[in-house]
Amino acid sequence: MPLLLQITIFLGAALLLVPLLKRFGIATVLGYLFTGILLGPSVFNFASNPIEIQKISELGVILLMFLIGLELRPQRLWEMRKSIFLMGSLQVGITALLLIILVFILLQQSIASSIVIGSALALSSTAFVLQLLTEKQELNTHYGQQSFSILLFQDIAAIPLIAMLPLLAGGASAHHGIAYFAAIIAAFTGLFLFSRYLIRPFFRFVAKSGAHELITAVGLFIVLGVVMLMDILGISTTLGAFLTGVLLADSEFRHELEASIAPFKGLLLGLFFMAVGMTTQLNLLIEIPWLIIGGTLALLTIKMLVLTAIARYMQFSWRNSLLLGACLAQGGEFAFIVLAVAKSENILSQTMLEPLVLIVTLSMVLTPLLYWISTKLIHIFFNQEKTKNNDDIPESEAHYPLIIAGFGRFGQIIARVAYLQHLKFTAIDNNLEKIDFVRNYGGKVYYGDATHPDILRSAGIQQAKLFVLAIDDIEDCMNVARHIKLNYPELKLLVRARDRHHVHLLRDLGIEYIWRETYLSSLGMAYQTLCQLGISPEDVYKSIELFRDYDEKLLAEQQLVYTDEQKVYTTYRNSLAELEHLFESDAQRRDILPEVDLKRHLNSQRVDIAQDEIK
């Protein structure tokens, strides 16, 4: 089968299978691996020439290393130095050492092979973990950020590991010794001078031409050119791509390079993972199940225990420590890369490479299950007392005049302003992580569900003067608002609304003080936009105020008909229909707003500038 036809089949299969598998919660990396397994010799055997495909797909690894280099700006590394270099080095060092000893004793491999295998398996999957944390909306949590830092160190550590492989190969490779490192230093120096005095001026020359598509061409030309040079000099091509990225990390064209190369990197990496899947021998599960299953469980167990112990040593909570261990327990894409390079350097044999690839793949497959166990079982075990009952709010704090229900991004600002004014308040939220975090800083925030009347009574709602309702969930917000309006009609209630439809629902309850969460921010940006376009602040202020009055009147008119689907487009369920409806209403009432001659304002601004220059 021709190579072009094979690549076309692989891309078509990936377009069909990867999105389908992702709908079932399977990560993109695993989707590519499964696609390769299905097309490989283990199932349908479409790959008659997998070696050629793997050579092409290795360009994805090269582009990945280049983009990792682009991310390693000195300022960012310095800001995250403790998390990256301390925790990262501890994790990689301890895990690699334990795995090296285990491989050397149990599998009876040579010292060089044991070092390569242990070090490769110590690396986790950057793409897999970041996607998992993003899907779970946990990337911005404490353990999510620490996971990112450790992954960043692993990406850095993979570079010298790959560069060290020719040395470990000994006599089997010509790329080793003092000459090898001298060539690396000379190449790095040349790349530094080349990037400083040739690449950046050339980028500016291309950018000034206005042909933006050439930025992509320049980026690919630089990477491929450096790769060819490294190959001629006998230096690792991945190391050369990484060094090039580092040298361009502080360039003003870094973002353009990253944006233009990222799609190629993604596609070629997908092809690389499919090539790995094609070489995965599922029959090994039947032939040597003790090695495959035992090796996978040993890898997950060792890495999770090491990471959890390190996190606890760094004074993380049990919850964050266990979740950090669960996230990073699997093998990663760099293990495939390191093991493949080790095979090409004759450090590993094919009979050893195949089970290792399958072990790494299975460890990635089992990671979501391990994460689920950590969140649902282990987490519950260590937080039994906290999750069973709501907090008991002390009587002395139940008489605070202000109660804030919902301590998200909206409620937090209100609480901070009240705190600066020395106003005492009682805050309630049902997010246990958020409560623990705020308590560490002395905040008076309590765990509880504001939809439960007993929680509101415990918070002192009978004595409160003001109740701020900032719950994110619309249904829960409406339940609390109904309860308060029915049982505490004298209590002044201020409510955060998600959108216009939410405003209508709240006004139906007779609530007077309502804030749409993005409304004032949008008006503030609109004000600045018009000012920057040369319109006088007085005219802009007048326009904004007229718009606010008009929008409030429009909102009041829609209040009468918002439940009628014939009068309002699908009762605001379709945001595009709502936007069309609003623009039609705006078009009918444009006569009430002052017409601004923007061209006249801009011309006037140019005249003023010219007069200033003459003076």
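Bear in mind the structure is a predicted one, so any value in this text is a computation, not a measurement.
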Could you measure the distance from the [atom1] atom of [X] to the [atom2] atom of [Y]? Nearest 0.5 Å is fine.
| X | Y | atom1 | atom2 | result |
| --- | --- | --- | --- | --- |
| L370 | L322 | CG | CG | 10.0 Å |
| Y371 | L323 | OH | CG | 5.5 Å |
| I101 | L97 | CD1 | CG | 4.0 Å |
| Y143 | I150 | OH | CD1 | 13.0 Å |
| C327 | Q146 | SG | CD | 12.0 Å |
| Q154 | S147 | CD | OG | 10.0 Å |

Does some side-chain heavy atom of [Y] sit less than 4.5 Å from a side-chain heavy atom of [X]?
| X | Y | value |
| --- | --- | --- |
| Q91 | L328 | no |
| V18 | T35 | yes |
| F336 | T361 | yes |
| L99 | L299 | yes |

Determine, step by step, whether L348 and I117 satisfy the side chain to side chain contact (heavy atoms under 4.5 Å, CB included) criterion, reporting the C-alpha distance in whole Å, the side-chain angles of both residues, the deciding distance to 0.1 Å, and the verdict. CA-CA 9 Å; L348 291 180; I117 295 171; 3.8 Å; yes

Contacts of E475 that satisfy side-chain hydrogen bond (donor to acceptor under 3.5 Å, both in side chains) - sequence neighbours left out: none

Those residues at least two apart in sequence (or on a different chain) that pass side-chain hydrogen bond (donor to acceptor under 3.5 Å, both in side chains) with S321 are none

Within the side chain of [X], is there an N or O that forms a donor-acceptor pair under 3.5 Å with the backbone of [Y]?
| X | Y | value |
| --- | --- | --- |
| R498 | I474 | no |
| S363 | G331 | yes |
| S119 | I115 | yes |

I'd like a table of donor-acceptor pairs (distance under 3.5 Å, sequence neighbours excluded) in which one partner is a side-chain atom from residues 300-307, with atom names and distances.
unit_1, atom_1, unit_2, atom_2, d
T301, OG1, L297, O, 2.7
K303, NZ, L121, O, 3.2
K303, NZ, A122, O, 3.3
K303, NZ, L123, O, 3.2
K303, NZ, S124, OG, 3.0
K303, NZ, Q330, O, 2.7

Qualifying residue for side chain to side chain contact (heavy atoms under 4.5 Å, CB included) with T296, from L358, I359, V360: I359

Correct closest heavy-atom pair for F407 and D429 would be N-OD2, 2.6 Å

